[in-house]
Amino acid sequence: MEDINANVIAFQCPQCGFALEQTVGQIKSPESMRCAGCGVGIVTDAEESRDAAADIRDAAERFPEEITIKFIDRAKKAADGA
């Protein structure tokens with residue numbers, strides 16, 4: 001299983017709309033960040049970040065490791081009378 005903290009989240013600055021990227025680990029950090037577009041300080045809610053990270057982890061665990069795709073030959077199915 002991959003380290004969820006290494007996943008990158010893209011979002012926009014709430015002040016100027018500048019495109020930003022942070023890892024989940026950086027977002028969970030209590031340290032604030034500065035927007036490269038306008039310089040405003042951005043602080044994330046650590047509790048909300050933990051909840052979001054838990055939701056991502058739960059979704060990743062439910063995702064199947066392998067998916068099987070079955071192709072149906074419609075002409076053969078029609079010929080068989082099905």
Side-chain angles (χ1 to χ4, degrees):
M1 176 68 68
E2 68 180 274
D3 179 13
I4 203 77
N5 290 323
N7 288 327
V8 175
I9 305 291
F11 58 99
Q12 290 182 312
C13 171
Q15 179 77 21
C16 71
F18 189 84
L20 301 167
E21 289 185 348
Q22 293 278 301
T23 65
V24 171
Q26 290 169 318
I27 291 172
K28 288 174 21 181
S29 167
E31 310 245 341
S32 65
M33 64 174 284
R34 293 240 171 250
C35 172
C38 68
V40 71
I42 300 172
V43 179
T44 56
D45 181 339
E47 185 174 329
E48 187 174 323
S49 297
R50 275 193 298 276
D51 292 345
D55 290 345
I56 292 169
R57 185 174 46 254
D58 291 346
E61 289 172 358
R62 287 192 306 269
F63 193 77
E65 291 182 24
E66 184 176 297
I67 297 173
T68 302
I69 298 173
K70 182 177 180 181
F71 293 97
I72 300 171
D73 184 347
R74 293 185 189 265
K76 183 178 184 311
K77 189 174 181 180
D80 291 341

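Throughout, numbering of the chain's residues begins at 1 and tracks the sequence. Given the structure is predicted, the values throughout are model-derived calculations rather than measurements.
- In this structure, the side-chain contact (heavy atoms from CB on, under 4.5 Å) partners of E31, at least two apart in sequence or on a different chain, are S29.
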Quiz: residues 16-27 side-chain donor-acceptor pairs under 3.5 angstrom, not counting sequence neighbours:
unit_1, atom_1, unit_2, atom_2, d
T23, OG1, Q26, N, 3.0
T23, OG1, Q26, OE1, 3.3
Q26, OE1, T23, N, 2.8

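- Atom SG of residue C13 and atom CD1 of residue I42 lie 4.5 Å apart, to the nearest 0.5 angstrom.
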